[in-house]
Amino acid sequence: MLERNNDTLYRTLPLRVRKADTFIKRLKGLMFRKTPLQHEALLITPCNSIHMCFMFFSIDVVFLNEENKVVKVVQSLKPWGFIAPVKGAKTTLELPEGSIEEHAIKIGEFLKL
C-alpha cells in the first residue's frame, strides 16, 4: 500500500513483522532457525549492523533510520556474512530472500511498520 503525505512516499509491506527490541531477542535474532522466513520479517531495534553466524538460510536486509527511511538495502545475504555498521541506521528489517526485489524497496523510501 502506498500513501502520500507532504510529498513523502510511505510504503506498507504485506508481511507479519515480529519485533526484537530486548537484549536477548536482538542477540538471538534468527540464529539457529531451520526454516526460512515466509510472509514474515524481523525488526531489530536498535541495530545498525548484523551478522549471519549460525544462520541456515539467506535473507534480504533493509536498514532504516529513526524515521523509518530506508538508508541501505542488502539482497540475498548468505549465512556467515557480515554487514558493518551502517551510518544513520537505527533499525534493521530482516526479510525473506527476494523481498527487496519483489516489493521494489528502494533507498530513500519510508516504511510504515
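Here, residue 1 is the first one in the sequence, and each next residue gets the next number.
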Review point. If you round to the nearest 0.5 Å, how far is SG of C47 from CD of E94?
Key: 7.0 Å
Check your understanding: Given side chains that start at C-beta, do those of T92 and L64 come closer than 4.5 Å, heavy atoms only?
Key -> no
Point to revise | Joint hydrophobic cluster, L13 plus V17, side-chain heavy atoms closer than 4.5 Å | key: yes
Review point. Is there side-chain contact between K69 and F110, with at least one heavy-atom pair below 4.5 Å?
Key: yes
Review point. Should we say atom NZ of K19 is surrounded by more than 12 heavy atoms from elsewhere, each under 6.0 Å from it?
Key: no
Review point. Under 3.5 Å, is there a donor-acceptor pair between the side chain of H103 and the main chain of I105?
Key: no
Exercise for review: Give, for atom NZ of K28 and atom CG of L42, the distance between the pair rounded to the nearest 0.5 Å.
Suggested key: 9.5 Å
**Study point:** Heavy-atom side-chain proximity of T35 to F56 below 4.5 angstrom
**Key:** no
Check your understanding: Mind checking whether I44 and L37 sit in one hydrophobic cluster, side chains of I, L, V, M, F, W, Y counted as touching below 4.5 Å?
Key -> yes
Practice item. Determine which pairs satisfy salt bridge (Lys or Arg N to Asp or Glu O under 4.0 Å) with at least one residue from residues 34-50, sequence neighbours left out, and list them in order. Key: R16-E40, R33-E40
Review point. Among the clusters formed by ILVMFWY side chains lying less than 4.5 Å apart, do F63 and I107 turn up in the same one?
Key: no
Review point. Taking everything shown except F23 itself, do over 12 heavy atoms lie less than 6.0 Å from its CZ?
Key: no
Check your understanding: What distance do L111 atom CG and L15 atom CG have between them, rounded to the nearest 0.5 Å?
Key -> 10.0 Å
Practice item. Could you check if a side-chain atom of I50 sits within less than 4.5 angstrom of a side-chain atom of L77, using non-hydrogen atoms only? Key: yes
Revision key, fill the gap. Smallest heavy-atom separation, M31 atom then M55 atom, equals N-SD, 3.8 Å
Point to revise | T45 side chain vs D21 backbone, donor-acceptor pair below 3.5 Å | key: no
**Study point:** V70 reachable from V86 in the ILVMFWY side-chain graph, under 4.5 Å edges
**Key:** no
Exercise for review: Grab the two heavy atoms, one from R26 and one from P46, that are nearest each other, plus how far apart they are.
Suggested key: CD-O, 3.4 Å
Exercise for review: Answer yes or no: does atom CD of E102 have more than 12 heavy-atom neighbours from other residues, nucleotides or ligands under 6.0 Å?
Suggested key: yes
Check your understanding: For the residue pair K72 and V74, what are the closest heavy atoms and their distance?
Key -> CE-CG2, 3.7 Å
Practice item. Flag the pair V62 / I100 as yes when at least one side-chain heavy-atom distance between them is below 4.5 Å, and no otherwise. Key: yes
Exercise for review: Treating Ile, Leu, Val, Met, Phe, Trp and Tyr as nodes and any side-chain heavy-atom pair under 4.5 angstrom as an edge, say whether F32 and I24 lie in one connected cluster.
Suggested key: no
Review point. With a 4.5 Å limit on heavy-atom distance, are the side chains of F54 and P79 in contact?
Key: no
Check your understanding: When you look at K78 and E97, which way does the salt bridge (Lys or Arg N to Asp or Glu O under 4.0 Å) test go after all the steps?
Key -> CA-CA 10 Å; K78 306 287 184 231; E97 185 176 26; 3.6 Å; yes
Practice item. Would you indicate whether the side-chain heavy atoms of Q38 and P96 approach each other to under 4.5 Å? Key: no
Practice item. Check whether any side-chain heavy atom of V73 lies under 4.5 Å from a side-chain heavy atom of D60, and answer yes or no. Key: no
Exercise for review: For the pair S49 and F82, evaluate side chain to side chain contact (heavy atoms under 4.5 Å, CB included) and give the outcome as yes or no after the intermediate values.
Suggested key: CA-CA 8 Å; S49 67; F82 293 85; over 6 Å; no
Exercise for review: From the options L30, I83, V61, I59, select the one residue that forms a side-chain contact (heavy atoms from CB on, under 4.5 Å) with M52.
Suggested key: I59
